[in-house]
Structure formats: structure tokens, C-alpha cells
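Structure, as C-alpha cells:
Side chains are part of it too, since the values below use all heavy atoms of this structure and drop only hydrogens, waters and symmetry mates. All values reported here derive from a predicted model rather than from experimental measurement. Letters A, B, ... are given to chains in the order of the sequence lines, protein chains preceding strands, and every chain is numbered from 1.
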2 protein chains.
Amino acid sequence: MDLRRDVFQAIADPTRRAILLLLSTQALTAGAIAANFDSSRPAVSKHLQILTACELVSQEQIGREVYYHLQPEKMKEVDDFIEQFRQHWEERFNQLDKVLAVMKRERGKGKK
Amino acid sequence: MDLRRDVFQAIADPTRRAILLLLSTQALTAGAIAANFDSSRPAVSKHLQILTACELVSQEQIGREVYYHLQPEKMKEVDDFIEQFRQHWEERFNQLDKVLAVMKRERGKGKK
DNA sequence: CATACTCGAAACCAAATGGTTACACAAGTC
DNA sequence: GACTTGTGTAACCATTTGGTTTCGAGTATG
């Protein structure tokens with residue numbers, strides 16, 4: 001595995017997104033996480049490796065168990081990206097508002 | 001090509017993210033987009049195909065040219081996902097604020 | 001009509017991805 | 001010390017991905 005530490009690549013996989021959501025409420029061990037999925041434990045372990053590599057998740061060893069913690073701050077990288085588009089879709093909303101306002105006026109005229 | 005219409009998959013590729021940013025200011029033809037990248041035109045064409053399939057981009061044929069338009073609303077799907085984490089990182093900020101506030105108080109006491 | 005241009009589609013290829021089974025290793029438990 | 005348990009790692013495999021070159025279809029332009 002290449003261990004590409006790219007957040008966008010990391011969240012591209014639906015299983016990894018599910019893991020992140022799982023960890024958003026509580027830290028869990030690798031085994032506990034794997035129990036929530038159909039795929040084998042090593043498969044989940046690999047996903048955790050990828051998530052750890054890109055720092056979306058951190059490890060904490062307690063005895064022989066390894067707890068995985070979510071690092072939500074890292075998600076800001078994605079947020080920064082879509083932020084560049086948020087204004088655009090808000091603009092469109094505003095344009096739609098204008099159109100609706102015009103339609104309303106027109107309808108009002110029609111009624112008269 | 002599988003034509004998977006998954007927005008997360010679509011923005012996983014850096015070239016595709018660059019294309020989306022390019023189109024955020026203006027609609028462009030396939031050739032004009034390809035001119036901005038090192039890879040060949042067909043490669044870019046494939047990326048556009050993927051972006052079109054998941055509706056991040058729309059096509060408009062004018063004569064023999066095809067203009068690609070950004071559809072920023074589709075990015076909301078990603079926004080909805082990270083929204084679930086935004087509260088978490090904001091929580092952490094608040095906790096940090098509390099810690100800093102306590103430290104400030106403690107320091108004030110020390111001065112006395 | 002012939003020619004040039006823009007572009008998508010097909011065929012093909014190397015590399016990356018996601019999965020499995022098998023194994024190794026440290027930490028508790030008897 | 002022997003045994004079980006929780007994990008990570010290695011080796012391997014099928015599929016997907018991103019790229020290329022080649023071809024064909026449609027649209028101006030002479």
C-alpha cells in the first residue's frame with residue numbers, strides 16, 4: 001500500500017467514511033471497528049492505516065488494545081476546498097431569489 | 001471506465017479538483033481545459049466525463065465546441081458529510097478557549 | 001465536395017486500490 | 001512458561017484507475 005496521505009483520497013472510500021462517522025461519537029479499538037463491517041479485520045486495519053497516515057485518525061495504545069481517535073480538524077482541508085464553491089452556490093440561490101421576486105411582481109401585475 | 005457517479009470519488013483526483021477550480025470562474029471548452037494540463041486531451045476528456053457523470057459539471061454544445069459548466073450545488077453532498085464533523089472541531093476550539101481562559105486566570109493570580 | 005478542427009469513444013497498458021489468507025508479535029491469563 | 005487475545009504486516013489476487021495512441025463522427029471553412 002502506498003500510504004498516500006491525501007485527505008481527499010482517504011474520504012473517497014465509503015468504508016473509510018463510515019469508519020470516520022463511527023469514530024465521531026467515541027474512540028474504538030480496531031477490532032470493535034471491524035465488527036461493524038462485512039469485510040475482514042485486516043481490510044479494516046488497512047483503512048485505519050490510511051486514515052492514520054493522513055492524520056484523520058490517531059492511535060492510542062492501551063495494553064494490547066489500540067484505540068482510534070477521530071481528528072476532525074484535518075477535515076478542514078476538505079472544507080477549505082469546497083469553501084471556494086460555497087459562494088458560487090449561494091450566488092445561485094440569490095439569483096433564484098431575484099427570479100422569484102420578479103415572478104411575484106409579474107404575477108401581481110397580472111392580477112391587476 | 002465504470003462511470004461511477006460518486007462525488008467523493010470525483011474530487012479524489014487532484015487533476016479533477018483543478019478542473020473544477022478552473023471552471024469556477026468561467027465555462028470552458030474541452031480543448032481549453034486540456035491546454036491547462038500536461039496530460040493529453042483524451043485524458044482530460046475522461047476526467048470531464050467522470051465529472052459530468054456525477055453532475056459536478058454540465059455540457060453545452062455550441063457549434064463544434066463543447067463548453068463545460070460548473071454545477072457547484074452538487075458539492076453540497078460533500079458539505080453535508082463534513083458538516084457532521086464541523087461541530088466536533090468547533091467543540092475543540094471552545095474547549096481550547098476554556099483552557100486558555102483558565103491559564104489566563106492562573107497567570108493573573110501568579111502576578112498578584 | 002474536400003479539408004481542417006473539435007471532440008468523444010475504443011483499445012490497450014501500467015500502476016494503484018481494496019480485498020483475502022496466512023503469519024508474526026506483543027500483552028495479558030492460566 | 002504455555003495459551004489466548006488483539007493487532008499489524010506480508011504475500012498474493014482481481015478490479016479499478018489514469019494514462020496513452022488511434023479512430024470516427026460531427027461541424028465549420030475553402
Reckon Ser39(A) touches a base, only the sugar-phosphate, or nothing at all at heavy-atom distances under 4.0 Å? sugar-phosphate
From the list Leu70(A), Ile19(A), Ile11(A), side chain to side chain contact (heavy atoms under 4.5 Å, CB included) partner of Leu56(A) resolves to Ile11(A)
Can you pull out every salt bridge (Lys or Arg N to Asp or Glu O under 4.0 Å) where at least one residue sits in residues 51-72 of chain A? Sequence neighbours excluded, please. Glu55(A)-Lys74(A)
N/O donor-acceptor pair, side chain Arg41(A) with base dG19(C), under 3.5 angstrom: no
dG19(C) phosphate, OP1 or OP2, under 4.0 Å from Ser40(A) side-chain N/O: no
Nucleic acid contacts - residues 17-32 of chain B versus DNA chain D, non-hydrogen atoms under 4.0 Å: none
In numerical order, the residues of residues 55-67 of chain A whose heavy atoms come under 4.0 Å of DNA chain C are Gly63(A), Arg64(A)
Residues in side-chain contact (heavy atoms from CB on, under 4.5 Å) with Gln59(A), at least two apart? Thr52(A), Val66(A), Tyr68(A)
For the helix from dC1(C)-dG30(D) to dC30(C)-dG1(D), measure the angle between the helix axis at one end and the axis at the other, each built from five pairs, rounding to 10°. 10°
N/O donor-acceptor pair, side chain Lys46(A) with base dG19(C), under 3.5 angstrom: yes
Side-chain contact check for Gln49(B): nearest option of dG18(D), dG19(D), dA9(C) is dA9(C)
Contacts of Asn36(B) that satisfy side-chain contact (heavy atoms from CB on, under 4.5 Å) - sequence neighbours left out: Leu22(B)
